[in-house]
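Quick caveat: nothing in here was measured; it's all calculated off a predicted structure. Every heavy atom of this structure was used, including side-chain atoms; hydrogens, water molecules and symmetry mates were not. Letters A, B, ... are given to chains in the order of the sequence lines, protein chains preceding strands, and every chain is numbered from 1.
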Amino acid sequence: MRPERYNAKEAEPKWRKVWAERELFRTRNEDPRPKYYVLEMFPYPSGRIHMGHVRNYTMGDVVARFKAACGFSVLHPMGWDAFGMPAENAAMERGVNPGIWTRQNIADMKDQMKPLGFSLDWTREFATCDPEYYGQQQSMFLDMLAAGLIYRKAAMVNWDPVDMTVLANEQVIDGKGWRSGAPVERRELTQWFFKISDYSGELLEALDHLTNWPDKVRLMQANWIGKSRGLQFAFATRGAPDGFDRLEVYTTRPDTLMGASFAAISPDHPLAKQLERHDPKIAAFVAECRRGGTSAEAIETGEKLGLDTGITVVHPFDSAWELPVYIANFILMDYGTGAIFGCPAHDQRDFEFATKYGLAIPSVFVAEGADDAPLAEAFAPMKSERVCYIRGFAGEKVQTGDAAVTAAIAHCESVGVGRGVTNYRLRDWGLSRQRYWGCPIPVIHCATCGVVPEGKANLPVRLPDDVTFDRPGNPLDRHPTWAATTCPKCGAAARRETDTMDTFVDSSWYFARFTAPHAATPTLAEDAAYWMNVDQYIGGVEHAILHLLYSRFFARAMHKTGHLPVSAIEPFNALFTQGMVTHEIYQSRDAAGRPVYHLPEDVLRFNIGHEPVAFLRAQHATDLTEMTESQLAELRIAAASTPIDIVPSAKMSKSKKNVVDPMNIIASFGADTARWFVMSDSPPERDVEWTSSGAEAAFKHLSRVWALCDRIGQMPVGHVGRDDADIARAAARAVKDVTQGIEGFAFNKAIAKLYEFTSAISRADGSTDAMKQAIRTLAQLMQPMTPHLSESIWAYQGGVGLCAQAPWPKADPALLIDDSVTLPIQINGKRRAEISVPKDMPASEIEKLALAHEDVVKFLAGQPVKKIIVVPGRIINVVV
RNA sequence: GCGGGUGUGGCGGAAUGGUAGACGCGGCAGACUCAAAAUCUGUUUCCGCAAGGAGUGUCGGUUCGAGUCCGACCACCCGUACCA
């Protein structure tokens with residue numbers, strides 16, 4: 001009898017309807033079961049879901065469905081990170097209103113997400129551009145302002161001198177404005193800041209307790225916060241303007257103070273600003289330094305420039321030793337004091353600078369045995385290397401590294417040269433954006449009262465809808481009426497702040513809002529206390545630093561202002577960072593030799609032997625798709641068409657056209673296939689390459705599972721088989737392995753075990769009852785990945801209720817124990833034989849058996865055995 | 001530049017310091033078929049007829065034993081504070 005083919009197109013919507021009708025995924029506060037909060041980083045509503053979304057939300061859904069089956073009351077919400085630049089770009093390019101564009105995108109993406117069958121509680125949905133959301137954010141802004149967590153100061157932005165507008169780093173391409181093409185410069189602007197630096201130490205120390213976060217993320221955050229111990233001291237200056245008779249510097253390498261060659265200040269240092277006023281040469285140089293963008297990458301990789309100011313400083317240990325003071329473009333005003341001393345002998349960047357400007361390079365220490373010869377590069381001793389000080393000062397002796405720094409600080413302090421200072425690299429978080437599509441900053445500028453917070457009763461400060469994008473700049477700034485208001489303090493006419501908030505603010509507390517998404521206050525104490533923290537947070541590793549650090553800070557700030565309990569200051573109990581979905585790129589060249597990219601759906605790709613080949617479908621008559629691979633191979637050999645280049649896999653991006661639309665996959669194969677494929681093959685923390693063959697394989701497997709289910713369904717009642725014990729053992733092992741796989745985020749391994757279990761059932765000759773039991777267990781184990789198919793199997797095989805609600809199966813420990821074990825025998829570390837022994841055989845017995853093994857005897861060829869190592873249950877190694 | 005990560009068959013990958021290559025794709029062979037598709041079975045790291053040998057990015061080290069630990073390097077990816 002031909003098995004009935006599984007029809008995903010019919011079955012999937014049917015089951016989603018059943019889940020929706022029974023409100024299976026709606027979370028209730030009064031649910032008596034223990035809570036579990038699983039959250040995937042919410043999407044930016046671009047309008048189309050992509051495979052990265054499918055992978056991210058499928059992972060979360062696997063966890064959510066697994067935890068639900070394990071008896072938890074699962075909170076699994078979804079929302080939209082809806083503010084940001086793309087909406088403004090669309091407005092500029094197509095003249096659409098950012099709000100309307102965003103709302104439409106949200107509707108479109110929701111339509112695309114629904115068919116995937118995620119177990120989401122849609123009653124908690126919100127978008128950050130909802131006034132109900134951003135109004136609460138404004139309210140918290142006012143609370144944080146009152147609590148001293150927010151302040152204003154001047155800071156640098158990218159300035160496009162042609163478009164007269166501020167640019168995001170992303171909009172600066174090779175130092176030029178992306179639209180105007182004009183060289184970008186740095187310009188100072190007064191902006192709002194969160195005092196995240198007040199929490200540097202706490203944010204750093206608390207990382208130690210985030211044991212369910214990836215080590216790499218904790219390490220990256222620790223390095224980002226960048227705690228350092230160093231020496232801060234003042235040089236006496238000679239020839240400096242009034243008020244600059246001392247130059248304060250900070251160094252993490254006071255042990256190299258005797259190797260000083262120059263001092264350098266940032267172009268934004270007050271001294272530089274002072275000199276700029278009277279010296280045109282310095283003014284020109286400082287202007288030169290301000291060219292280019294503000295990004296650290298641009299500054300650090302750019303050419304290192306310096307200008308001798310003519311001012312000198314006196315070495316603190318030798319009043320006769322003067323060092324020139326340079327203005328240098330790589331010194332950041334934000335770090336330390338904005339001034340350094342350079343030790344070229346032991347710092348590569350200083351070495352290059354000194355070489356370029358012909359400065360002295362005195363060594364402080366050399367490798368033991370080496371002499372004080374000119375260096376080819378900065379010398380930093382390796383861990384094991386001993387050094388000898390040739391120009392040190394009391395206190396270092398032969399120490400290097402941290403010990404030398406500590407000793408140097410102690411010595412300097414004892415002789416009155418500066419003091420030890422702990423510094424952090426972490427800078428305060430600038431939240432002002434000179435853009436329309438963001439949360440308005442609720443403050444008012446009054447001519448008499450200055451900066452005045454908006455009254456809470458007037459919140460939300462709503463964005464106006466009638467804005468124009470016909471020219472660059474912030475539409476709020478030029479809106480005819482929006483900014484006009486009255487001062488809450490004195491009642492005089494005043495002007496609203498037209499800057500909006502960084503979208504990172506929106507995403508720094510949405511997880512807390514999900515606990516009470518429609519409340520009239522940012523959070524509700526009871527709900528926040530109950531649902532927080534997020535038990536499992538899942539998202540891309542590209543958020544390892546900024547989003548996750550800002551959220552950790554914001555939770556603390558929310559606690560300080562009474563919006564979160566102290567238990568929620570670390571909002572994410574466990575974090576998982578997933579890899580990207582990649583695809584190979586199909587490229588040809590136009591007449592001018594420029595690359596032209598092709599969508600995977602327009603390309604026919606196959607292997608000839610091991611060699612991958614790709615053709616453009618459009619180059620051929622439509623019947624090309626009907627040809628077999630061998631026919632296609634002949635076609636290629638006949639040079640009837642030109643193959644196109646296959647460029648190795650990269651992150652799916654529109655510009656390279658290496659994108660696969662999840663909707664097409666769902667249309668062809670169904671949601672379960674898409675879900676199964678993104679969970680199989682690659683470990684979730686690593687990138688996964690989308691291949692059409694992989695998707696087809698997933699589809700074929702799910703079809704085989706259904707065919708097996710159908711075959712079992714047709715078995716006569718009361719059939720007796722031989723393999724019931726084996727089936728029970730295979731099931732117990734599958735339950736154990738799949739459970740472990742899901743709990744450990746090793747979904748690819750869980751799926752490999754499901755393949756094995758499927759094949760074990762398929763080969764077995766079991767009784768009707770045993771086979772039905774096995775396939776029901778299989779359906780349950782697959783349910784987190786393939787919820788629709790699992791429901792179909794469950795229903796077909798007489799499962800009680802819904803598969804999604806059935807309690808997670810448990811493995812009988814007695815079935816997991818094997819009686820005998822196969823041990824490999826190595827001779828000098830090379831595997832030469834193996835023996836099968838009872839599980840509990842003593843080592844001495846195993847040793848005798850191993851030495852008596854005929855292959856072992858053959859390989860030993862009478863040589864005396866020096867040593868024999870028996871690792872019980874593992875291996876035997878004979879050393880000769 | 002700096003910080004972090006990754007590197008294993010033709011491909012995606014598996015492997016508490018203990019049989020390298022589970023599972024899947026692709027390939028090859030076979031069954032079924034007039035034929036093809038679909039499906040099923042077997043096989044598949046490389047060299048070698050075999051015996052055997054080599055093999056986890058490169059070089060070196062620790063160990064009875066290294067993909068795994070240590071040191072140096074190479075390549076690629078992510079982040080780099082206004083992309084989200």
Side-chain angles (χ1 to χ4, degrees), chain A residues 2-3 41 43-44 46 81 83-86 157-158 166-172 214-217 219-220 222-224 226 293-302 304 330 334 348-349 382-384 426-435 502-504 507 540-547 549-550 577 579-580 582 606-607 609-612 628 648 650-651 680-683 685-689 691 693-694 696-698 700-701 703-704 707 746 748-749 751-756 759 822-826 828-834 866-869 871 873-879:
Chain A
R2 197 188 149 86
M41 292 180 185
Y44 178 80
S46 61
D81 189 13
F83 278 134
M85 292 203 305
V157 292
N158 300 305
V166 176
L167 297 179
N169 285 338
E170 190 188 46
Q171 299 171 317
V172 179
D215 287 342
K216 63 175 175 185
V217 174
L219 188 56
M220 279 190 269
N223 288 336
W224 185 259
T294 59
S295 76
E297 191 195 0
I299 291 168
E300 293 283 340
T301 57
K304 308 288 182 286
F330 56 90
D334 297 310
Q348 188 58 26
R349 190 176 63 181
M382 287 195 276
K383 256 186 204 164
S384 56
L426 181 65
R427 308 201 299 254
D428 277 334
W429 171 13
L431 65 107
S432 301
R433 298 291 180 270
Q434 296 71 42
R435 275 189 270 282
D502 178 6
T503 57
F504 273 121
S507 55
V541 71
E542 66 272 19
H543 296 291
I545 295 173
L546 294 180
H547 163 61
L549 189 61
Y550 290 154
T577 54
M580 299 177 302
T582 66
F606 54 94
N607 285 355
H610 291 317
E611 191 197 347
T628 65
K651 181 176 181 169
S680 60
D681 287 353
S682 280
E685 68 276 13
R686 235 188 278 175
D687 293 350
V688 64
E689 181 178 33
T691 59
S693 58
E696 278 160 29
K700 280 181 195 171
H701 177 72
S703 302
R704 271 196 293 270
N748 56 324
K749 284 186 260 173
I751 282 182
K753 299 297 179 186
L754 286 167
Y755 273 105
E756 286 178 6
S759 139
T822 303
L823 295 179
I825 304 171
Q826 293 183 333
N828 286 339
K830 282 224 172 278
R831 193 182 78 92
R832 295 300 184 188
E834 61 179 38
K866 279 194 197 138
K867 197 172 167 186
I868 179 160
I869 292 149
V871 184
R874 278 285 169 197
I875 204 164
I876 302 147
N877 192 11
V878 183
V879 186

Among B/A15, B/G4, B/C64, find the nucleotide with the atom closest to the side chain of A/Asn223. B/G4

Answer yes or no: does a side-chain N or O of A/Arg686 lie under 4.0 Å from OP1 or OP2 of B/G12? no

Looking at A/Arg832 and B/U19, is any side-chain donor or acceptor paired with a base atom of the opposite kind under 3.5 Å? no

Side-chain N,O (A/Asn748) to OP1/OP2 (B/G12) below 4.0 Å: no

Using whole Å, report how far OH of A/Tyr755 lies from C1' of B/G24. 6 Å

Please work out if A/Lys866 contacts a base, only the sugar-phosphate, or nothing of the nucleic acid, heavy-atom cut-off 4.0 Å. nothing

Expressed in angstrom and rounded to an integer, what is the separation of A/Arg349 atom CZ from B/G3 atom P? 12 Å

With sequence neighbours left out, the residues meeting side-chain contact (heavy atoms from CB on, under 4.5 Å) with A/Ala752 are none

May I ask you to say what A/Glu834 touches in the nucleic acid, namely base, sugar-phosphate or nothing, with a heavy-atom cut-off under 4.0 Å? base

At under 4.0 Å between heavy atoms, what does A/Lys700 touch on the DNA or RNA strands: base, sugar-phosphate, or nothing? sugar-phosphate

Distance check: side-chain N/O of A/Lys216 vs OP1/OP2 of B/G79, anything under 4.0 Å? no

Find the distance A/Glu300:CD to B/A81:P and express it as a whole number of Å. 11 Å

Is A/Asn877 close enough to B/G65 that one of its side-chain N or O atoms is under 4.0 Å from OP1 or OP2 there? no

Would you please name every residue forming a side-chain contact (heavy atoms from CB on, under 4.5 Å) with A/Lys216, sequence neighbours left out? A/Pro214, A/Met220, A/Val541, A/Thr577

Indicate, with a heavy-atom threshold strictly under 4.0 Å, whether A/Leu426 touches base, sugar-phosphate, or nothing. base

Could you tell me how far B/A66 sits from B/G1 if I compare only their P atoms? Round to whole Å. 35 Å

Pairwise 5' ranking along RNA chain B for A/Glu685 and A/Glu756, keeping only the more 5' one: A/Glu685

Identify each atom pair where a protein N or O and an N or O of nucleotides 82-84 of chain B are less than 3.5 Å apart, giving names and distance.
| unit_1 | atom_1 | unit_2 | atom_2 | d |
| --- | --- | --- | --- | --- |
| B/C82 | OP2 | A/Arg433 | NH2 | 2.8 |
| B/C82 | O4' | A/Arg433 | NE | 3.1 |
| B/C82 | O4' | A/Arg433 | NH2 | 3.2 |
| B/C82 | O3' | A/Asn169 | N | 3.4 |
| B/C82 | O2' | A/Asn169 | N | 2.6 |
| B/C82 | O2 | A/Arg435 | NH2 | 2.4 |
| B/C82 | N4 | A/Gln191 | OE1 | 2.9 |
| B/C82 | N4 | A/Ser432 | O | 3.4 |
| B/C82 | N4 | A/Gln434 | OE1 | 3.0 |
| B/C83 | OP2 | A/Glu170 | N | 2.8 |
| B/C83 | O4' | A/Glu170 | OE1 | 3.2 |
| B/C83 | O4' | A/Glu170 | OE2 | 3.3 |
| B/A84 | OP1 | A/Met85 | N | 3.0 |
| B/A84 | OP2 | A/Thr503 | OG1 | 3.4 |
| B/A84 | O3' | A/Asp81 | OD2 | 2.9 |

Would you check if A/Asp681 and A/Asn748 make a side-chain contact, meaning some heavy-atom pair closer than 4.5 Å? no

Who pairs with A/Phe504 by ring-ring contact (aromatic ring centres under 6.0 Å, His included), at least two apart in sequence or on another chain? A/Tyr550

Note: for A/Asp681 and A/Arg831 on RNA chain B, the residue whose nearest nucleotide lies more 5' is A/Asp681

Hey, is B/G5 sitting syn or anti, using the within-90° cutoff around 0? anti

For RNA chain B, the dot-bracket notation using Watson-Crick and G-U wobble pairs below 3.5 Å, [ ] for pseudoknot-type crossings and | for other-strand pairs, is (((((((..(((.....[....)))((((((.......))))))(((....)))..(((((..]....))))))))))))....

Looking at residues at least two apart in the chain, or sitting in another chain, which of them share a ring-ring contact (aromatic ring centres under 6.0 Å, His included) with A/His701? A/Trp676, A/Tyr755

Assign A/Lys830 to base, sugar-phosphate, or nothing according to its heavy-atom contacts below 4.0 angstrom with the strands shown. sugar-phosphate

